[in-house]
Amino acid sequence: MAWEYYLVVMLVYLGTDLLAVWGLNLEFGVSGVANLAYIVVVAAGAYTFAICTLGPSSGNGGFQTYIGGFTLPFPLALLAGALAGAVVGTLIGVTGLKRLRQDYQAVAMLVVSLMVATVVSADTGFLNGSAGLALIPNPFADLDPEVARWAYVAVVAFCCLIGFLVLRRFTTGPIGRTLRAMRDDDTAASAAGKNVIGLRLVVQAVGGAFGGLSGALLAGFIGGWSPSAWVYIETLAFLSCVIVGGMGSDRGVSLGTLIIAVLLLQGVQFLPQISSSPGLSEDFGWIILGASTIIFIWFRPQGVLPERRPRYLGKSSSHSPG
Amino acid sequence: MQLIIEAIGFGIATGAVIALGAVGFSVQFGISNILNITYGSLMTLAAYVGLLLINHGVNAWLALVLGAVVVGVVSVVYHRALLAPLVRRGTRAIAMVIVTVSAGIILQYVIVSIAGPESHSYGEQSGSTLHLIGFTLSAGQVAIIVLTASLMLGLHLLLTRTTLGKAMRATSSNRTLARSCGISTDRVSDIAWLISGSLCGAAGVALAITTVSFDFSLGSLFLIPMIAAAVLGGIGQPYGAMLGGLIVGVSSEVAAAVSNPNYKDVVAFMILIIMLLVRPRGLFGAAWSTRRLMEG
Amino acid sequence: MSGDAGTVILDVDRLEKHYGGVHAVDGVSFTVERGSITGLIGPNGAGKSTALAVIGGYVSPTAGRIHFDGADITGYPMHARARVGLVRTFQMARVFGNLTTIENLLVAVPRQRGESAAGILAGKWFWRGEERQLVERARALLDTFGMSTKADDPARTLSGGQKRAVEIMRALMMKPKLLLLDEPMAGLSPSLSRQLEDMLIRLAGDGLSLLLVEHELDTVDRLCGKVVVMAQGRVLSEGRMAELRLSREVQDAYVIG
Ligand SMILES: Nc1ncnc2c1ncn2[C@@H]1O[C@H](COP(=O)(O)OP(=O)(O)OP(=O)(O)O)[C@@H](O)[C@H]1O
Ligand SMILES: [Mg+2]
């Protein structure tokens, strides 16, 4: 049934978007690193998943060329995707090794994103260039298609559950507090003994793993992955979820993902189609996305559900010793 | 050897366009401390304005001038209406970058929804081929080199010989101090955005003239060599950006000639990353630019 | 601590910091005794803040060496200096604006269990105990500074004087050996700065060493044993405030500077 298929697609997109947005929120909303190359870690996860599950490049009549082709089982390929995201995320973090202004570093990352896309598109022997990779095996191909779809939803849900538990370990408690302090004022944070550069690299690795897992799950579901799927502006879609939902707030950015990634970007597909220009609704999606980001930065930079801080008031403040 | 000499000639032509863009970008950063990523999409806008004019029979060089004027005015309005108020509201630099990226995407997709996603071309604009001191260049390329050189000279005279230029430099290096010296910094920054916006527009049309065909991604891809040039020269410093543009242009054309043309931008990118890690204040960076680039 | 009194905790040796052609610090040498309050004074632009920034590790020196507590720390990054007990505050108070006041104090403690890899892996039970103790310490500090009622307010909503107090409390949470203070009284009301003076004297009595940049010479007189006078990047003179006031050289520097 069509609606059921559509529901599955929406759920998988929601799950993969949530993972990516959580990772980016950890980097940007919580730690203050505006990783404008975030989509590159998603792509790293997707490509790694693809070359791990696909057979050797010569298979299928050799119509696509790529490195790897390891025919690994699904769970291992997912792990490899997350790991690739972590490695690439850390490499992107190298742009921040010098204590540069944050906006300057963000622009450097934007250039990284443009550059990686150009190189991967141009080199057909590496990851099949701009045509991208197709026929990425579905792990549940042997099952009844109906069951297979819901099985995939279950896998995504499970990854989200694990992801959320891991995420909370970083965004709450003393480490969450330290990362937020670094975001608010990184100079004062290093004066308070925090190794800002080290923490940023760790955060880039963890956030990268989230993005990588997201990309791997997406590639496994769609069955294909190409440079058109990870243009630099895709990062802005995730950033927009963070900003609209509430920077630094795990609940907030989850709501933001629901609003932006699912309702808005999928919703524009229901706009009346103009037959002469079929891409128009997608163009509108991007325009609305950019506009909502700016509107929120102007009117409500804290987002729909702002970050909340724990309270420590109570019992013993009146009878402290001495 | 001939190959390399020709590549150097090409590189100077490419470098001229990069310099044109990088200088405008640097002037904007210098005057308002904003890294304006919308710059790329504004170049695209200029290219499409030029296309519209050329399709209506306007001469390519007149189209360049008109494109420059249009984007110059749009830039002033954009800064006045969106960027300056946001800065006044205390928006952090990092959020400003996200705003300019968002605005760039909006502009890019407005262009796509009007002009469509397909590639366009100005048609044959390069004119006859010229042989100059071993270089083989089209008349169009030579014209762009001459144009860039004269614009840079004009900017140099403006910055050094006029009161306005001195006010611009003063505002760049210390805005509050400039204001307390009686300089009307708002007016100065309007003029600076008009000038830098015009350079952006001129660079956009010049880029479209020198490429075979272009689409809506013209400006965003140009961000790679342009930012590399600006960083190489010490971002915020117009003279550095001129030389930076030339270095990036020549080295990427030479690299493209001796290896794979697909990797032209890789050289620019490597320059950018190395500069960021080794000498982020640029080759000739002054102390004040270091202070502005390092956090705190 | 008092057993070590009299020995040197900080030894600055021919320190230089150049910004292009500007020699902001131009061959400065001095020492700070353990448990003492040492003053650093001089006219505007003398290079005091720059000297403090170099000692604190915020900028790296062009030349010279810094010894702290017996170790050469010249190459240490700022956070490593903070961890060995060399802590600084800023001329413009800096707080973590979106954290609450009490969180600003809690976050400052180095090497917390909850920040470590083990703490992240193991979860709350691993760091809960330590956290409880830190909260107690932070509450006690807030009490002594009279800021308990602000404990759960976001730090960005505090007044300038309160932010400065937060910065000093944050530094104290780190249990420093030497505290570098850049004009801590600036922007405080007269009564608050008297309170802070008393507090600093008490801290020094408990064995904390202080290096204090201050414009108000009467304050320096009351607080500091030794005073180092800087002008144009160099040390002009060194001694007790009462003697320095009489020095021709120092008077000239203040007039010209
Ligand atoms: N990052 C920098 N780049 C260039 N010059 C600098 C920089 N920091 C300080 N200076 C210069 O170094 C000199 C010393 O400055 P510094 O702030 O250390 O003086 P100060 O003694 O703290 O003055 P004040 O009493 O006003 O705080 C000044 O001339 C200043 O302009
Ligand atoms: Mg000072």
Side-chain angles (χ1 to χ4, degrees), chain A residues 28 32-34 36 94-108 110-112 114-119 121-123 129 183 185-188 190 196 231-233 235-236 239-240 243 247 276-277 279-280 282-295 297-298 301, chain B residues 29 33-35 37 40 82 85-86 89-114 116-117 217 220-221 223-224 226-228 230-231 235 260-266 268-270 272-273 276-280 292-296:
Chain A
F28 176 56
V33 183
L36 291 184
V94 168
T95 51
L97 282 189
K98 282 261 171 165
R99 215 173 48 190
L100 289 177
R101 261 170 59 147
Q102 294 280 286
D103 54 340
Y104 204 65
Q105 197 192 335
V107 168
L110 179 74
V111 175
V112 167
L114 288 163
M115 192 65 235
V116 176
T118 311
V119 170
S121 303
D123 193 331
R183 167 198 66 193
D185 188 331
D186 46 6
T187 303
S190 19
V196 168
V231 190
Y232 78 98
I233 56 174
T235 302
L236 194 87
L239 260 183
S240 195
I243 288 168
M247 275 179 54
S276 59
S277 39
L280 205 57
E282 196 187 317
D283 302 344
F284 276 137
W286 285 114
I287 293 170
I288 296 171
L289 187 103
S292 41
T293 310
I294 296 177
I295 288 169
I297 289 179
W298 185 303
Chain B
F29 178 76
N33 217 5
I34 299 169
L35 291 165
I37 298 304
L82 186 66
L86 276 171
R89 296 165 73 94
T91 309
R92 296 174 69 163
I94 192 74
M96 290 308 294
V97 170
I98 293 169
V99 166
T100 66
V101 173
S102 304
I105 288 171
I106 295 175
L107 179 55
Q108 176 172 323
Y109 278 95
V110 167
I111 293 171
V112 175
S113 55
I114 295 171
S217 65
S220 54
L221 285 180
L223 288 173
I224 301 174
M226 187 188 78
I227 292 175
V231 169
I235 196 155
N260 182 344
N262 280 328
Y263 290 157
K264 206 158 90 173
D265 279 340
V266 174
F269 180 71
M270 296 310 287
L272 175 66
I273 294 300
L276 281 181
L277 293 181
V278 180
R279 208 177 152 82
R292 275 168 71 160
L293 290 180
M294 307 310 262
E295 59 194 12

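Everything numeric in this text was worked out from a predicted model, so none of it was measured. So you know, we letter chains A, B, ... as the sequences are listed, proteins then strands, and number each from 1.
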Q | Part of B:Ile37 lying under 4.5 Å from any heavy atom of chain A | A | side chain

Q: Kindly indicate whether the side chain of B:Ile111, heavy atoms from C-beta on, has any atom under 4.5 Å from the side chain of B:Gln108.
A: no

Q) Given the options B:Ser102, B:Ser220, B:Pro85, which has more heavy-atom pairs under 4.5 Å with chain A than any of the others? A) B:Ser102

Q: Name the region of B:Val278, side chain, backbone, both or neither, that has any atom closer than 4.5 Å to a heavy atom of chain A.
A: backbone

Q: Against chain A, label B:Leu277 side chain, backbone, both or neither, depending on which of its atoms sit under 4.5 Å from a heavy atom there.
A: both

Q. Mind checking whether A:Trp286 and A:Ile233 have side chains closer than 4.5 Å, heavy atoms only?
A. yes

Q.
I'd like to know if the side chain of B:Arg89 and the backbone of A:Trp298 have a donor-acceptor N/O pair within less than 3.5 Å.
A. yes

Q: Determine the option with the most heavy-atom pairs under 4.5 angstrom with chain A, choosing from B:Ile273, B:Thr91, B:Val101, B:Val266.
A: B:Val266

Q: Below 4.5 Å from any heavy atom of chain A, which atoms of B:Ala103 appear? Answer side chain, backbone, both or neither.
A: both

Q: Between chain B and each of A:Leu289, A:Thr293, A:Leu236, count heavy-atom pairs under 4.5 Å; write down the option with the most.
A: A:Leu236

Q | Under 4.5 Å from any heavy atom of chain A - which part of B:Ile105 | A | side chain

Q: Report yes if the side chains of B:Asn33 and A:Arg101 come closer than 4.5 Å at any heavy-atom pair, otherwise no.
A: yes

Q. Can you say whether B:Leu82 sits under 4.5 Å from chain A via the side chain, the backbone, both, or neither, judging by heavy atoms?
A. both

Q) Is any side-chain heavy atom of A:Ile297 closer than 4.5 Å to a side-chain heavy atom of B:Met96? A) no

Q) Side chain, backbone, both or neither: which part of A:Val231 has a non-hydrogen atom closer than 4.5 Å to chain B? A) neither

Q) Atom CG in B:Leu35, atom CG in A:Asp103: separation rounded to 0.5 Å? A) 4.5 Å

Q) Which bit of A:Leu239 comes within less than 4.5 Å of chain B, counting heavy atoms only: side chain, backbone, both or neither? A) side chain

Q) Once you round to the nearest 0.5 Å, how far does CG of A:Leu110 lie from OG1 of B:Thr100? A) 8.5 Å

Q: Find the distance between CD1 (A:Ile287) and CG (B:Leu107) and round it off to the nearest 0.5 Å.
A: 9.5 Å

